[in-house]
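Worksheet for the structure shown next.
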2 protein chains.
Amino acid sequence: MTSPRPADTFPTPEHDHAECIDAALTHAEDTCRRLGLRFTPIRRRVLELIWQNHEPVGAYDLLDQLSRDGRRAMPPTVYRALEFLVAAGLVHRLATLNAFVGCAHPDHAHQGQFLICRNCRRVVEMESPKVGRSLKREAEALGFSIEEQSIELTGLCPDCSSEAH
Amino acid sequence: MTSPRPADTFPTPEHDHAECIDAALTHAEDTCRRLGLRFTPIRRRVLELIWQNHEPVGAYDLLDQLSRDGRRAMPPTVYRALEFLVAAGLVHRLATLNAFVGCAHPDHAHQGQFLICRNCRRVVEMESPKVGRSLKREAEALGFSIEEQSIELTGLCPDCSSEAH
DNA sequence: CGCGCGGTGGTATAATATAACAATCGTCAC
DNA sequence: GTGACGATTGTTATATTATACCACCGCGCG
Ligand SMILES: [Zn+2]
Ligand SMILES: [Zn+2]
Ligand SMILES: [Zn+2]
Ligand SMILES: [Zn+2]
C-alpha cells in the first residue's frame, strides 16, 4: 500500500522528503489507474511541484516553474491540472491563501482541517472526526446539510512558536 | 442594548429586514463611538449595502452600488471601508467566496462558523463553542496555536433542501 | 475512414486586490 | 485663528488570481 507520509504532524527538518514526493506520485499513479483517470505528464509534473515542500503553492508559482522546465505554460494549463488534481482528491485548495497543497490522506474521501503556520508557511492536514461530527450535528440542528467544508486555521506551528521568545 | 437580530438561524421571508439593517447600523455607531473609531459616511454606506440582505456581497458589487449613489468610487475606497469594518468586527470576509457578509454577533469578539447555502446564497453565522474547543484542543495536541480561523460550510439551507424533492 | 471526446496550446479577458502618491478633513496645541 | 499632524479619501496604475473561448491533436470506435 503506497501512501504519502501521514503528515498529521509538522514534518521534521530531517525527514526524508524525497520519500514524501515519491509516495505522493506513486499513490497518484495507483489512484488514477484504479479510477480510470489519466495521469498525464503535465498533471504529474504539477503534483510533483506541489510536493516540493510542505507549503502551499500559488497557481502562478507553479506556472513559473513549469515554464522553467522548458514548456511554455499558460494559466489554463496549470489551472486545468489543478482542477484535475483537486477533483481526484490528490491536492487541496486553501481558500484563505489562494494556494494549493498536496493531500496528506489521499487514500480516502475526506475534507480535512488545515493548520497553516503564518511564519514558516508549512501546512498540516488534520482529520478530526470529532470536529466533523460536531459541525455536522450543529448544522443539522439548523436544518442545514453540509456538502463541502473549508476549515483553515492560521497560527504558529510548534517550531515557530518556540522560536518566538 | 442594540444588536442585530441573532441570525443564528436562516431568516424567514417574513422577518422585518429593515430592522436587521437598522440594528446593524445602530450597533456599528455604538461600537465605533465606544472604541473611538470613526464611522464615516462611506463606511456607514458600505455596511448598509452589505446588510441589504443576508447574502455575501463582492467588493466590486459594492463598488457598483456606491457608484450608483453618485459618488465616483474606486476599488481602494471600498476595500478600505471593508478593511475597517472587518477589523472592527462588523463584517466578515468569506474566503471561499471572496465576499463579505454582515457580522451577526458583533457585540463580542469571535470567529464564527459560516453556513453558506449554495442555492439561495444566504449565510448564517453559527457560533459553536464545542467546535471551537475541539479544534483548539486538537491543534494544541500537535503543538499548534491558533490565531485565526476560517470555517465555511457549503450546502443547502432548510428551505432549499425541502424545495429539492 | 469519419467521428467524438478528452487533453492541450494559445489568446484574451474577467474578477479580485493592492501600491503609491496627492488632496482633503478633523483635531488639537499654540 | 492657524499651523501642524494624523487619519481619511481621491486617483491612477498595476498586481494577482482565475476563466472563456477556440483551434488542434491523438486515440478509440463504429
Ligand atoms: Zn516531506
Ligand atoms: Zn512554522
Ligand atoms: Zn434580515
Ligand atoms: Zn438556500
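Proteins come first, then strands; the chains are lettered A, B, ... in the order of their sequence lines, and each starts at number 1.
At least one donor-acceptor pair closer than 3.5 Å links the side chain of B:H15 to the backbone N or O of B:T12. Judged by distance alone, the side chain of A:Q65 and the main-chain N or O of A:L49 form no donor-acceptor pair under 3.5 Å.
The separation between A:R43 atom CZ and C:dT8 atom C1' is 10 Å, rounded to whole Å. Rounded to whole angstrom, the span from the CZ atom of A:F39 across to the P atom of C:dG7 amounts to 13 Å. With rounding to whole Å, B:D69 atom CG is found 16 Å from D:dT9 atom C1'. Atom pair A:E83:CD and C:dG6:C1' shows a separation of 13 Å (rounding to whole Å applied). The distance from atom CZ of A:R45 to atom P of C:dT8 is 15 Å, rounded to the nearest whole Å. Between the C1' atom of C:dT8 and the CZ atom of A:F84 lies a distance of 14 Å, rounded to the nearest Å. Following rounding to the nearest Å, B:L63 (CG) and D:dT9 (P) show an atom-to-atom distance of 15 Å.
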If you look only at distance, which donor and acceptor atoms sit under 3.5 Å apart when one is on a side chain in residues 89-101 of chain A and the other is two or more places apart or in another chain?
| from | atom 1 | to | atom 2 | distance (Å) |
| --- | --- | --- | --- | --- |
| A:H92 | NE2 | A:H110 | NE2 | 3.2 |
| A:H92 | NE2 | A:E125 | OE2 | 3.0 |
| A:R93 | NH2 | A:N98 | OD1 | 2.9 |
| A:T96 | OG1 | A:E152 | OE1 | 2.4 |

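More than 12 heavy atoms of other residues, nucleotides or ligands sit less than 6.0 Å from atom CD of B:E147.
Under a hydrophobic-cluster definition in which Ile, Leu, Val, Met, Phe, Trp and Tyr are linked whenever side-chain heavy atoms come within less than 4.5 Å, directly or via other members, B:Y79 and B:I42 are assigned to the same cluster.
Side-chain atoms of B:M126 and A:L135, non-hydrogen and from C-beta on, do get closer than 4.5 Å to each other.
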Give the B/S/- string for nucleotides 9-25 of chain C, one per nucleotide from 5' to 3', where a protein heavy atom under 4.0 Å of the base yields B, of only the sugar-phosphate yields S, and otherwise -. BBB----BBBB------
